[in-house]
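Worksheet: one structure, shown below.
Both counts, for ligands and for their atoms, begin at 1 and track the order of listing. None of the values given here were measured: they were computed from a predicted structure.
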Amino acid sequence: MPDPSAPILIFDSGVGGLSVYDALRQIMPDAPVIYAADLAGLPYGTKTEPQVAARVAGLLGRMSERFAPRLVCIACNTASTIALGMVREVLEVPIVGTVPAIKPAAALTKTGVIGLVGTGATIRQAYVDELEAEFARGKTLYRIAAPGLVALAEDKLRGCRLDPGAVQEARTGLAAMQRGGQIDTLVLACTHFSLLREELASAFGPDVALVDGADGIARRIAHLLEGQELDALGPARFVVTGPVEAAAGLAPCLEARGFSPAEPF
Ligand code: DGL
């Protein structure tokens, strides 16, 4: 059994994983959590596979040594679809990944036409091809990269004025695909995008259901930790790679979520 104060480590390139953190807090309000944002490596979605894999495996190795987590959640589709297998091989703690929610989307669609919006790196992964083949057989899945939405989510949580251009670009890009007009379900295949639900819902309209994996991931974490003693001893921590000043604008949103002030890793 782990030490009662051993944390759940939630990892992302930036603030996207807070969508998973929020879902986890709904069902495990008192669990000890350390959230790690690799702000020095953000964004992952425009990097190559070897760059993402090396960065994620290296950082999670060092973070696991420093924080001795009871479980690691890679709250990032890009990192998970590229490096989940590799990280599982090197770390001895349970690892929960975040992969595009194609399965629930396929169960939900009535038109059989699903959109998937992710980072450039995620949408080209074989992992996504496999999910599509396994769960969306007989359906049409259109993928689109929307790197601008990552920056938009980062800006939103810093309280900046938002330019909705990137949201519209994703909508028109999908609508232009052959049966794009029939999309009734949209997979948010990047944890950052779940933080833009309102913006996406107003661009795509009430007839398109937005689907992500956050609740399912939270339930999976709770299930894996069932029966373990949890004692947070204090507020959740938010650590960042690179200069901590990069998190300065996040202070109100972190405080509202119960985090202590951001710390450098
Ligand atoms: N939040 C990440 C994801 O789920 C990636 C954003 C980025 O760093 O490009 O894919």
Side-chain angles (χ1 to χ4, degrees), residues 9-24 35-60 63 72-87 95-102 104-105 115-129 131 143-158 166-167 169-170 186-197 199-200 210-218 220-221 238-242 246-247 250 253 265:
L9 178 65
I10 301 181
F11 176 85
D12 183 32
S13 55
V15 296
L18 288 175
S19 53
V20 174
Y21 173 83
D22 291 344
L24 184 68
Y35 185 101
D38 182 15
L39 295 183
L42 177 81
Y44 284 177
T46 51
K47 292 187 166 51
T48 64
E49 283 74 359
Q51 284 172 328
V52 173
R55 188 154 190 106
V56 171
L59 270 174
L60 284 178
M63 287 179 174
V72 173
C73 172
I74 305 180
C76 173
N77 289 260
T78 312
S80 299
T81 54
I82 293 174
L84 191 56
M86 182 192 220
V87 174
I95 316 278
V96 176
T98 308
V99 300
I102 293 174
L116 183 149
V117 61
T119 67
T122 295
I123 67 164
R124 65 173 181 255
Q125 293 311 309
Y127 203 124
V128 182
D129 301 341
L131 291 173
R143 308 178 192 180
I144 194 163
L149 294 183
V150 175
L152 200 67
E154 292 284 331
D155 285 350
K156 181 175 178 181
L157 267 59
R158 286 172 176 79
V167 180
E169 219 173 280
L186 182 68
V187 181
L188 308 183
C190 170
T191 50
H192 276 78
F193 303 172
S194 302
L195 301 168
L196 298 169
R197 266 183 177 272
E199 292 77 6
L200 288 161
L210 307 180
V211 179
D212 68 20
D215 290 334
I217 294 156
R220 174 89 191 128
I221 295 173
F238 190 92
V239 302
V240 302
T241 58
L250 295 171
C253 114
F265 171 62

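Residues A214 and V20 come closest through the heavy atom pair CB-CA, 4.4 Å. The two residues V117 and A146 come nearest to each other via the heavy atoms CG2-CB, 3.6 Å. Closest heavy-atom contact between D38 and R55: OD2-NE, 2.6 Å. Nearest approach of E154 to V15, heavy atoms of both residues: OE2-N, 2.8 Å. What you find for A246 and R158 is that their closest heavy atoms are O-NH2, 3.0 Å.
Short contacts between ligand 1 and S13, defined as distances under 4.0 Å to a heavy atom of the residue, involve ligand atoms 5 (C), 6 (C), 7 (C), 8 (O). When each atom of ligand 1 is checked for a heavy atom of V150 under 4.0 Å away, the hits are 6 (C), 7 (C), 9 (O). Which parts of ligand 1 touch C190 is read off a 4.0 Å heavy-atom cut-off, strictly below it: atoms 1 (N), 2 (C), 3 (C), 4 (O), 5 (C), 6 (C), 10 (O). Remark: ligand 1 atoms within the under-4.0 Å shell around heavy atoms of D12 are 1 (N), 2 (C). Atoms of ligand 1 lying under 4.0 Å from at least one heavy atom of T78, given by number and element, are 3 (C), 5 (C), 10 (O). Shown in contact with G45 at under 4.0 Å from a heavy atom are these atoms of ligand 1, numbered in order with element: 7 (C), 8 (O), 9 (O). Near H192, the atoms of ligand 1 lying under 4.0 angstrom from a non-hydrogen atom of the residue are 1 (N), 2 (C), 6 (C).
Between T46 and ligand 1, not a single N/O pair is under 3.5 Å apart. Polar contact with ligand 1: absent for T119 (N/O pair, distance under 3.5 Å). Considering backbone and side-chain atoms together, A75 places no N or O closer than 3.5 Å to any N or O of ligand 1.
Of the protein's non-hydrogen atoms, Y44 N, 3.3 Å is the one closest to atom 7 (C) of ligand 1.
The option from N77, L42, V20 that lies nearest to atom 4 (O) of ligand 1, judged by heavy atoms, is N77. Nearest-heavy-atom check against atom 2 (C) of ligand 1 across C76, P100, S19, A153 picks out C76.
Ring geometry for Y21 versus Y35: interplanar angle over 60°, hence perpendicular rather than tilted (30 to 60°).
Screening S80, C73, S19 for a side chain to side chain contact (heavy atoms under 4.5 Å, CB included) with I217, the sole residue that qualifies is C73.
Atom CZ of R220 has 12 or fewer heavy atoms from other residues, nucleotides or ligands within 6.0 Å.
The parts of P43 lying near ligand 1 are both backbone and side chain, judged by heavy-atom distances below 4.0 Å.
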Legend entry - Verdict with reasoning, N77 to T122, per side-chain hydrogen bond (donor to acceptor under 3.5 Å, both in side chains): CA-CA 7 Å; N77 289 260; T122 295; 5.9 Å; no

